[in-house]
Amino acid sequence: MINLKLLQKDFDGVSAKLTRKGVSSELLSTLKEKFEVLKTAKAEFERYQAARNAMSKEFGVYKREGKDINELKARIEENNLKVDAALEVQREAQVALETLAMTVPNMPDDTVPDGADENDNIEIKKVLMPKEFSFTPKEHWELAEENGWIDFERGVKLATSRFSVSFGMGARLERALINFMLDFNRGRGFEEVSVPALVNRQSLEGTGQLPKFEEDLYKMDGLDLFLIPTAEVPVTNLYSDEILTAGELPKKMTAYTSCFRKEAGAAGRDTRGMIRQHQFHKVELVAMTTPEKSEEVFDEMVNCASDLLTALELPHRLVNLCTGDLGFGAAHTTDLEVWLPGQDQYREISSISNTRDFQARRAKIRYKDGKKNTFVNTLNGSSLAVGRTLVAIMENNQNEDGSIDIPEVLKPYLGM
RNA sequence: GGAGAAUUGGGUGAGCGGCUGAAACCACAUCCCUGCUAAGGAUGCGUACGGGUAACUGUACCGAGAGUUCGAAUCUCUCAUUCUCCA
């Protein structure tokens, strides 16, 4: 949630930032107006309420002293009508404001480049150079089927399109990757947590998936529960509505979960293979920090994910997402893109974002800093998307005969 | 599935119509005393929003929502969660 007080105080500043994210300044001035309407309505209500409280107190005194209460009672009743009316006005103003405010994305940092889509992202650096192949490298679905690692048809049979099944070494590699990633992250100071795959509406509002992106989520029939699109949702919301102590920060966590996405609007994109599935495995990093420390922790997270790829000997690059590609809640995001020789391009394998206090404000995650309470900064990032990592291993480690070399770091996990 | 009980501030827990935003204890913070792997004393200490330079002050919040009442943490109803007992 954006800071409405800041919007009120520095409308032009906030407006300038949000215009870069495509938010119209008309919407923002409506928001500002609604905020002021609410404040006025609240003040009005509180005046009548204060009068009621005072008169009720007086009532008690009258009763005790045996005075006649009829006149006072009439005054109270008259005032009560105003209280009720004012409360109704205030409620409406509240709902109107919240409905609108929840749909406004986070303000991008000044370091975020302007741009329309992923083509305008700025490359930060490359890590490990792609190797030259003496043959034409194949795409992963070909390799996966040749090796019997992934069965796309049977996934469709069991569920629907964009579901797949891993067999044998494919399945074992997934498991090895998950364990390797969790251990690696733990070595970098991230505490492992295991969380529910179903969450309620409130949690999704806290991290920003709702109310705007409900069509991307799988919802349980007849229940207000959704399958998580990322572990970011349950892990970030672990501390919603809580006040942490400064000493507990930074809180660094890592979790493995399956993730579920409808991929609405992705029809026709990556329909082959396992780049874009409805269900996929992901190991996630989530951190909560003081505002002062959040960039430091952000760098730790980026390095963690990048070093993970390096450990797996996978060439990749870091890109700074432009305004058009930036997510709803992010103030800035660095994507890690892994080289896929079969596709002859870099593809996203991790996305690391600092949401600053945007999610904390929605989910009410605060910490006590001496006397006052402050919203924490929340950060999240994948380390890594397991399926895509498997894809990258297949494509980068393929031999001319179609066999695939196992990365050294995974061998202990496979009993090799 | 049925019957009961519970849900209070960071924690434990009292309160069961106005004197309660809430006792007490613990934790925490500051100060004093003391001098050694610790104890004692004093004071402060919920959250959110608003007004005020500030001291301070208004409103709301005692699981959630609705109701009764001049007035509700306290009474009633609905829901959620937890616990105990019974099938």
Side-chain angles (χ1 to χ4, degrees), chain A residues 1-11 31-102 195-196 198-206 210 219-220 222-226 234 237-251 288 290 357-376:
Chain A
M1 181 119 104
I2 64 156
N3 185 345
L4 291 169
K5 271 194 210 164
L6 186 66
L7 178 73
Q8 193 185 35
K9 225 170 65 193
D10 179 21
F11 182 82
L31 196 61
K32 184 182 173 210
E33 197 183 303
K34 284 187 190 295
F35 184 51
E36 265 144 31
V37 167
L38 175 64
K39 276 174 71 168
T40 311
K42 261 192 164 157
E44 171 105 347
F45 165 73
E46 286 176 10
R47 254 204 317 281
Y48 291 128
Q49 187 67 4
R52 169 204 260 183
N53 290 344
M55 286 191 279
S56 281
K57 256 202 172 96
E58 220 178 321
F59 195 98
V61 177
Y62 273 41
K63 273 276 200 187
R64 228 176 301 130
E65 295 175 354
K67 286 200 216 164
D68 175 48
I69 49 140
N70 285 329
E71 185 270 341
L72 179 60
K73 196 167 173 176
R75 271 199 290 145
I76 292 175
E77 271 162 12
E78 190 193 335
N79 183 69
N80 275 355
L81 295 177
K82 293 181 185 156
V83 171
D84 292 346
L87 181 62
E88 196 47 41
V89 171
Q90 188 206 298
R91 274 194 183 148
E92 276 167 23
Q94 178 91 44
V95 170
L97 177 72
E98 259 168 27
T99 311
L100 199 62
M102 290 294 274
V195 291
L198 285 170
V199 293
N200 58 29
R201 180 172 295 273
Q202 199 182 352
S203 297
L204 287 154
E205 284 173 351
L210 288 179
K219 185 173 191 294
M220 294 294 110
L223 295 171
D224 213 25
L225 286 173
F226 301 79
N237 279 288
L238 280 174
Y239 297 100
S240 68
D241 224 357
E242 292 191 30
I243 300 171
L244 304 167
T245 60
E248 290 177 82
L249 302 177
K251 224 172 227 314
M288 292 170 199
T290 59
D357 65 1
F358 185 81
Q359 291 179 329
R361 205 175 275 284
R362 289 173 158 244
K364 297 192 181 67
I365 310 171
R366 290 160 295 178
Y367 73 100
K368 204 176 215 33
D369 183 13
K371 195 91 180 73
K372 65 179 200 307
N373 294 324
T374 312
F375 289 113
V376 301

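Quick note on labels: first sequence line is chain A, next is B, and so on, each numbered from 1. These numbers were taken from a predicted model, which means no experiment stands behind them.
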Roughly how many Å is it from [atom1] in [X] to [atom2] in [N], rounded to a whole number?
{"X": "A/Arg201", "N": "B/A64", "atom1": "CZ", "atom2": "P", "value": "20 Å"}
{"X": "A/Glu44", "N": "B/G51", "atom1": "CD", "atom2": "P", "value": "15 Å"}
{"X": "A/Gln94", "N": "B/G50", "atom1": "CD", "atom2": "C1'", "value": "13 Å"}
{"X": "A/Arg361", "N": "B/C49", "atom1": "CZ", "atom2": "P", "value": "9 Å"}
{"X": "A/Glu248", "N": "B/C28", "atom1": "CD", "atom2": "C1'", "value": "13 Å"}
{"X": "A/Asn373", "N": "B/C49", "atom1": "CG", "atom2": "C1'", "value": "14 Å"}
{"X": "A/Asn200", "N": "B/A64", "atom1": "CG", "atom2": "C1'", "value": "13 Å"}
{"X": "A/Leu72", "N": "B/G71", "atom1": "CG", "atom2": "P", "value": "11 Å"}

When rounded to the nearest Å, what value does the distance between [atom1] atoms of [N] and [M] take?
{"N": "B/G18", "M": "B/A80", "atom1": "C1'", "answer": "31 Å"}
{"N": "B/C45", "M": "B/U30", "atom1": "C1'", "answer": "11 Å"}
{"N": "B/A73", "M": "B/A64", "atom1": "C1'", "answer": "14 Å"}
{"N": "B/U20", "M": "B/U59", "atom1": "P", "answer": "16 Å"}
{"N": "B/U81", "M": "B/A87", "atom1": "P", "answer": "25 Å"}
{"N": "B/C62", "M": "B/G11", "atom1": "C1'", "answer": "16 Å"}
{"N": "B/C49", "M": "B/U7", "atom1": "P", "answer": "29 Å"}
{"N": "B/C36", "M": "B/A23", "atom1": "P", "answer": "38 Å"}

(message) So, OP1 or OP2 of B/A48: does either fall under 4.0 Å of a side-chain N or O from A/Lys42?
(response) no
(message) Is the phosphate of B/U69 approached by A/Asn80 (side-chain N or O, under 4.0 Å from OP1 or OP2)?
(response) no
(request) Considering non-hydrogen atoms only, spot the tightest contact between A/Leu249 and A/Met288 and give its length. (result) CD2-O, 3.5 Å
Enumerate, atom names and distances included, each donor-acceptor pair closer than 3.5 Å involving a side-chain atom of residues 238-248 of chain A, sequence neighbours excluded.
{"unit_1": "A/Ser240", "atom_1": "OG", "unit_2": "A/Asn237", "atom_2": "O", "d": "3.1"}
{"unit_1": "A/Thr245", "atom_1": "OG1", "unit_2": "A/Glu248", "atom_2": "OE2", "d": "3.1"}
{"unit_1": "A/Glu248", "atom_1": "OE2", "unit_2": "A/Thr245", "atom_2": "N", "d": "2.8"}

(request) Begin with the C-alpha distance, continue with both residues' side-chain angles, and end with the deciding distance and a verdict on side chain to side chain contact (heavy atoms under 4.5 Å, CB included) for A/Ile365 and A/Gln359. (result) CA-CA 8 Å; A/Ile365 310 171; A/Gln359 291 179 329; 6.0 Å; no
Between the protein and nucleotides 58-62 of chain B, which nitrogen or oxygen pairs come in under 3.5 angstrom?
{"unit_1": "B/G58", "atom_1": "N2", "unit_2": "A/Glu46", "atom_2": "OE1", "d": "3.0"}
{"unit_1": "B/G58", "atom_1": "N2", "unit_2": "A/Glu46", "atom_2": "OE2", "d": "3.4"}
{"unit_1": "B/U59", "atom_1": "OP1", "unit_2": "A/Asn53", "atom_2": "ND2", "d": "3.2"}
{"unit_1": "B/A60", "atom_1": "OP1", "unit_2": "A/Gln49", "atom_2": "NE2", "d": "2.5"}
{"unit_1": "B/A60", "atom_1": "OP2", "unit_2": "A/Asn53", "atom_2": "ND2", "d": "3.4"}

How would you list, by chain and number, every residue that makes a side-chain hydrogen bond (donor to acceptor under 3.5 Å, both in side chains) with [X], sequence neighbours excluded?
{"X": "A/Asp224", "value": "A/Arg201"}
{"X": "A/Arg366", "value": "none"}
{"X": "A/Glu98", "value": "A/Gln94"}
{"X": "A/Glu71", "value": "A/Arg75"}

(request) Report which part of the nucleic acid A/Lys5 touches: base, sugar-phosphate, or nothing (heavy-atom distance under 4.0 Å, all strands). (result) sugar-phosphate
(request) Just call it for A/Ile69: base, sugar-phosphate, or nothing, with non-hydrogen atoms closer than 4.0 Å on any strand. (result) nothing
For residues 44-59 of chain A, which side-chain donor-acceptor pairs fall under 3.5 Å, sequence neighbours excluded?
{"unit_1": "A/Glu44", "atom_1": "OE1", "unit_2": "A/Arg47", "atom_2": "NH2", "d": "3.0"}
{"unit_1": "A/Arg52", "atom_1": "NE", "unit_2": "A/Asn80", "atom_2": "OD1", "d": "3.0"}
{"unit_1": "A/Ser56", "atom_1": "OG", "unit_2": "A/Arg52", "atom_2": "O", "d": "3.3"}

Test of understanding: with side chain to side chain contact (heavy atoms under 4.5 Å, CB included), list the residues that count as partners of [X], not counting sequence neighbours.
{"X": "A/Leu81", "result": "none"}
{"X": "A/Lys34", "result": "A/Thr30, A/Ala96, A/Leu97, A/Leu100"}
{"X": "A/Val89", "result": "A/Ala41"}

(request) Would you indicate which nucleotide in B/C70, B/G50, B/U47 comes nearest to any side-chain atom of A/Lys39? (result) B/G50
All N/O pairs under 3.5 Å across the protein-nucleotides 17-19 of chain B interface:
{"unit_1": "B/G18", "atom_1": "N2", "unit_2": "A/Ser56", "atom_2": "O", "d": "2.6"}

(message) Counting C-beta onward and ignoring hydrogens, is there a side-chain heavy-atom pair between A/Tyr367 and A/Asn373 closer than 4.5 Å?
(response) no
(request) Starting from the 5' end of RNA chain B, give me the residue, A/Ala43 or A/Arg366, whose nearest nucleotide shows up first. (result) A/Arg366
(message) Within a 6.0 Å radius of atom CD on A/Gln202, are there more than 12 heavy atoms belonging to other residues, nucleotides or ligands?
(response) no
(request) Name all stems that contain residues of RNA chain B, defined as runs of 3 or more consecutive Watson-Crick or G-U wobble pairs, both distances under 3.5 Å. (result) B:1-7 with B:80-86, B:10-12 with B:24-26, B:28-32 with B:40-44, B:46-51 with B:56-61, B:63-67 with B:75-79
